[in-house]
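Written out below as structure tokens is the structure these notes cover.
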Protein chains: 2
Amino acid sequence: MGLTKTQIFDERQNELAIIFKVLAHPARIAILQYISSQKACICNDIVEEIGLAQPTISQHLKELKSIDLIIGEIEGKKVCYCINLNKWKEIQTLLNSFFDKTKFNCC
Amino acid sequence: MGLTKTQIFDERQNELAIIFKVLAHPARIAILQYISSQKACICNDIVEEIGLAQPTISQHLKELKSIDLIIGEIEGKKVCYCINLNKWKEIQTLLNSFFDKTKFNCC
DNA sequence: TTTTAATATTGCAATATTACGATAATAAAA
DNA sequence: TTTTATTATCGTAATATTGCAATATTAAAA
């Protein structure tokens with residue numbers, strides 16, 4: 001069906017899945033790595049760096065923005081995209097909590 | 001197109017994306033949490049716990065197995081699924097490395 | 001050997017994702 | 001004001017994912 005049955009899972013499980021889903025594309029990984037390594041993180045530079053069409057990059061940026069992982073600051077005609085450090089740390093902590101909380105009773 | 005252009009990204013970026021993708025479903029999060037909390041982690045118990053049809057669970061288990069996150073041990077007619085602790089730790093380390101390596105020069 | 005129980009696989013319908021051309025929106029520059 | 005540059009949105013084609021009924025496979029039990 002292609003439709004995830006979110007209603008049978010709890011909020012935490014759905015939240016984790018959404019975060020993982022946003023990160024589950026090499027272009028979005030590459031965008032994050034590029035943004036984080038540059039002093040100026042202009043959208044157009046990202047398009048040239050990654051090698052996907054401008055609308056495609058714009059869409060990936062939108063998905064990263066949807067969980068506040070990046071912030072876009074308008075600078076005239078351009079937009080400077082930056083990683084949202086607070087959210088970044090928050091997500092890293094959340095993922096570590098998921099990995100750590102998982103105990104291994106069996107086998 | 002629906003087809004990810006993996007060839008324009010490096011191996012590390014693609015590997016990270018695949019790991020995130022496997023984790024990007026609440027059912028698979030729930031399966032991992034359930035398996036890790038049980039002494040016996042029989043496939044049928046997972047089906048009853050999660051509330052999805054048996055073939056659907058079987059498919060999700062297959063995806064978790066695809067990156068060796070879980071191991072299925074055959075016990076007669078039943079299969080006992082367990083988390084692969086070594087891979088679990090390895091992936092946690094890899095994700096932390098990704099989060100840590102990302103520096104923030106801009107903004 | 002036949003039956004039963006547990007799990008995997010196949011096939012398919014419905015929805016989601018990816019990618020991009022065309023175009024709109026926005027703001028600086030001419 | 002018109003042009004130009006930059007980014008966002010829309011529409012759409014192609015592929016992927018999700019979920020399940022039907023069925024196959026496997027191994028213990030009868």
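Below, chains carry the letters A, B, ... as their sequence lines are ordered, and counting in each starts from 1. Note that the coordinates shown come from a computational prediction; the quantities given were computed from them, not determined experimentally.
Atom pair B:Ile50:CD1 and D:dG19:C1' shows a separation of 14 Å (rounding to whole Å applied). Across the protein-nucleic acid pair, A:Leu61 atom CG and C:dT17 atom C1' stand 16 Å apart, rounded to whole Å. Between the CD atom of A:Glu63 and the P atom of C:dA16 there is a distance of 13 Å, rounded to whole Å. With rounding to whole Å, A:Ile18 atom CD1 is found 18 Å from D:dT17 atom P. When the P atom of C:dT26 is taken as reference, atom CD of A:Glu73 falls 19 Å away, rounded to whole Å. Straight-line distance from the CD1 atom of A:Ile70 to the P atom of D:dA8: 9 Å, rounded to whole Å. If you take CG of A:Leu23 and P of C:dT18, they are 12 Å apart, rounded to a whole angstrom. Rounding to whole angstrom units, NZ of residue A:Lys78 and C1' of D:dT4 are separated by 13 Å.
A:Thr56 has no side-chain polar atom (N or O) that falls below the 4.0 Å cut-off from OP1 or OP2 of C:dA19. Distances shown here put a side-chain N or O of B:Lys21 below 4.0 Å from the OP1 or OP2 atom of D:dT17. Between B:Tyr81 and C:dA8, a side-chain N or O to OP1/OP2 separation shorter than 4.0 Å is present. Taking side-chain N and O atoms only, A:His25 has a distance below 4.0 Å to OP1 or OP2 of C:dA19. For C:dT7, neither phosphate oxygen OP1 nor OP2 lies less than 4.0 angstrom from any side-chain nitrogen or oxygen of B:Lys65. Look at A:Asn44 and you won't find any side-chain N or O under 4.0 angstrom from OP1 or OP2 of D:dA5. Regarding contacts with the backbone of D:dT17, every side-chain N or O of B:His60 stays at 4.0 angstrom or more from both OP1 and OP2. Look at A:Lys5 and you'll find a side-chain N or O under 4.0 angstrom from OP1 or OP2 of D:dC20.
Note on A:Glu75: nothing from the nucleic acid sits closer than 4.0 angstrom, heavy atoms only. Residue B:Ile74 is out of contact with every strand shown, counting any heavy-atom pair closer than 4.0 Å. Across all strands, A:Ile57 comes closer than 4.0 Å to no nucleic acid atom at all (heavy-atom distances).
Between A:Phe20 and B:Phe20, the angle of the ring planes lies from 30° to 60°, which puts this pair in the tilted group. Ring orientation note: the planes of B:Trp88 and A:Phe104 are nearly perpendicular, at an angle over 60° on the 30°/60° scale.
Of the candidates A:Lys103, A:Arg12, A:Gln13, B:Gln33 forms a side chain to side chain donor-acceptor pair (under 3.5 Å) with just one, namely A:Gln13.
Between B:Gln54 and B:Leu3, it is B:Gln54 whose nearest contact on DNA chain C lies nearer the 5' terminus. Each of B:Gln59 and A:Leu52 was assigned the nucleotide of DNA chain C with the nearest heavy atom; the assignment lying further toward the 5' end belongs to B:Gln59. Comparing B:Thr4 and B:Gly76 along DNA chain D, the residue whose closest nucleotide (by nearest heavy atom) sits nearer the 5' end is B:Thr4. Both A:Cys80 and B:Ala24 lie close to DNA chain D; mapped to their nearest nucleotides by heavy-atom distance, the more 5′-ward contact belongs to A:Cys80.
Here D:dA5 is the nucleotide among D:dT9, D:dA5, D:dT7 with the atom lying nearest to any side-chain atom of A:Lys77.
In this structure, the side chain of A:Ser66 engages the main chain of A:Glu63 through a donor-acceptor pair within 3.5 Å.
Using a 4.5 Å cut-off on side-chain heavy atoms (C-beta onward), A:Leu16 and A:Leu95 make contact.
Ion pair B:Glu75/B:Lys78 not flagged as a salt bridge, since none of the NZ, NE, NH1 or NH2 atoms sits closer than 4.0 Å to an Asp/Glu carboxylate oxygen.
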